[in-house]
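Just below is one structure, and these are the notes that go with it.
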Amino acid sequence: MMLKRGQSSSFRPCQWIVFITLICLFLPTTLAAAPRKNAKKKAPPLNLPPLKTQEQKMQLLGYIRSTMPTRRIARSISFSSADLDQALEQELGPTSQAVFAKTIDDETFIRRVYLDLTGTLPTPEKIESFLSSQNRNKRAALIDELLETNEYARKWSKYWTSVIFYDSVANKNRVNPQALEDWLAEQFHKGAPWDYITVMLISATPQRNKAVRNDYGQKYGPNNFVLACENKSTELASQTARIFMGISIKCAECHDHPFDNWKREQFHELAAFFHPYTYKMPDADDPTVKTVVKPRFLLGEKPHEKMKSDARRVSIAAYLAYNPKNYWFARAYVNRIWSELIGDGFYDVDSLGPDSDVIHKPVVNRIAANFRYKNFDPKWVFRLIMNSNIYQREMRTMSSTSELFTAVRPSRLRPDVVAASVEKLTGHDKKLHQEIMQVFDINPSLPQGALEGSIQQALLLMNNTTLQSKLSQSELKQKLIKINSNEELVQTLYLNVLARHATEQEVQRNIEYLNESANREEAIDDLIWVLVNSTEFRTKR
């Protein structure tokens, strides 16, 4: 059950009294009244209603969310794509106008927005329809249209599943990435807010069914975040901080972080939230010596000492998502989406610490704050960025920090997107699909500037016999054979493979090749091969 803001609860009054008591425990200490001198500190009784089902967890979390001040000020706040452009131009300085890349044309826009939102290329019919439309708001309308498709939900569920599982070493028999992907796709499709999705993942408490072999609860999608971390307290702590706060604290498991302010105790206090029993931190010099550590969130919040493990996971989810002082949570999501769409982030997506540099911090902070005000609506972030001038600029490789965000960086397409482009031409082939997914696999948390192509990728597109055979027998090939006009043939080829019209120079070059070839069918095979092996086929431009 997804809990909506303002939704009424079916709890009885006595249970709400208990809840409100608990809320007091959640509030930051700065909001609490100062204790009287010499007053005897006495922990309030803890008599929580059962929190064993997701519905019960969501009822508590929903109540906490409704008390946050962001709810009250959200109605008076707005931040448009034009505001974003203005804020960014102010950051870049008055001379930056001279180095801004040009705005892309409609044909480049439709290819880019399809790849970013759906992971597929637009059809020739959709391209022609978009180009001929006289609607002055057709770009915004297309963004809105694609955000409502199943392809959008599936594309981004694949991305987040890869983020969670890329470095996982969990036993494959005990996890189910597909179940997680399906659940995420369902959430993105129905517009679930990011805080809800995060809370569901972090507060999951998978139970092993010993009556069934290899049943660790992995069929239920949200359990797989915990299972990907092997339900280990330390791994859950480091992955929660990395993925949902953009903070790298793993080093602090063994020693104080060498580059940031994170202390070893902070890491283990975070890990204590996820431990089913009393958590003990091993001594840095002698691991056989261990010290009991109480759970404490990075901003200082502490759960009630008598909370059981499932309730502690609910509490850390609340501290993570709903504490207004935790700006990292909203900023981590914004920075990831920005990095995927623009090609560079305001900082490396999962390695921010108190002492790390953030490029144009006021801009990312404003986006993140408004993301919170917009109830953590993932689609709002896409609309904000994709309707802005920065997203709709031409691509350009940038070598210096001062150039960032004056253009969009060329980006390598993710493996599922490359596979979709190939299958659009060849149809689905399970073995070929798996080869592409393996060879083109990339770490979704690395910046585009750190990604490189491989010889294996080039060889697969150049020499794979299954791919070449399927291209030669493809519907596109048969369609091109029936076209008598060479110019029409070339334009049809480009629209179907690269989702754009050929330039005049490209038309002339391809026509010359067709005219010089003794065998027209073989020449068509060659032309398809050339485009499939072009850099443009496997990158976003």
Which side-chain N or O atoms in residues 165-172 pair as donor and acceptor under 3.5 Å with protein atoms at least two apart or in another chain?
from : atom 1 : to   : atom 2 : distance (Å)
S168 : OG     : A170 : N      : 3.2
S168 : OG     : A228 : O      : 2.8
N171 : OD1    : N173 : N      : 2.8

Requested in this report: Might you point out which heavy atoms bring Q218 and N224 nearest each other, and give the distance in Å?
Outcome: O-ND2, 2.9 Å
Query raised in the report: Any luck finding a side-chain donor-acceptor pair between D344 and Q448 under 3.5 Å?
Result: no
Requested in this report: Would you check if there is a donor-acceptor pair between the side chains of N214 and R174 at a distance under 3.5 Å?
Outcome: no
Requested in this report: Tell me, please, which residues at least two apart from F440 pass ring-ring contact (aromatic ring centres under 6.0 Å, His included).
Outcome: none
Query raised in the report: What residues form a ring-ring contact (aromatic ring centres under 6.0 Å, His included) with H189, not counting sequence neighbours?
Result: none
Query raised in the report: Taking the side chain from R409 and the backbone from S339, do they hold a donor-acceptor pair closer than 3.5 Å?
Result: no
Report task. Output all residues satisfying ring-ring contact (aromatic ring centres under 6.0 Å, His included) with Y216, sequence neighbours left out; order by chain, then residue number. Result -> none
Report task. For the residue pair S421 and R538, confirm or rule out a side-chain donor-acceptor distance under 3.5 Å. Result -> no
Report, one line per pair, each donor and acceptor closer than 3.5 Å where one atom sits in a side chain of residues 177-184; sequence neighbours left out.
from : atom 1 : to   : atom 2 : distance (Å)
Q178 : NE2    : D182 : OD1    : 2.9
E181 : OE2    : R154 : NH1    : 2.9
E181 : OE2    : K158 : NZ     : 3.3
D182 : OD1    : R154 : NH1    : 2.8
D182 : OD1    : R154 : NH2    : 3.4

**Report entry** Neighbour count >12 (heavy atoms, 6.0 Å) for atom NZ, K379
**Finding:** yes
Query - Main-chain N/O of F376 paired with D195 side-chain donor or acceptor, under 3.5 Å - result: no
Report summary line: Between R313 and I316 the two heavy atoms that sit nearest each other are O-CG2, 3.2 Å
**Report entry** Pairs satisfying salt bridge (Lys or Arg N to Asp or Glu O under 4.0 Å), at least one member in residues 206-226, at least two apart
**Finding:** none
Query raised in the report: Do the side chain of S238 and the main chain of E235 share a donor and acceptor less than 3.5 angstrom apart?
Result: yes
Query raised in the report: With no hydrogens and no angle check, do the side chains of R336 and Y159 hold a donor and an acceptor under 3.5 Å apart?
Result: yes
Query raised in the report: Does the side chain of E403 come under 3.5 Å of the side chain of T406 through a donor N or O and an acceptor N or O?
Result: no
**Report entry** Residue Q438 excluded, over 12 heavy atoms near CD under 6.0 Å
**Finding:** no
Query raised in the report: So, N335 side chain and G345 main chain: donor-acceptor pair closer than 3.5 Å or not?
Result: no
Requested in this report: Measure across M398 and V408 and return the closest heavy-atom pair with its distance rounded to 0.1 Å.
Outcome: CE-C, 4.2 Å
Query raised in the report: Counting N and O atoms only, with roles assigned by atom type, does the side chain of K540 sit under 3.5 Å from a partner on the main chain of L341, one being a donor and the other an acceptor?
Result: yes
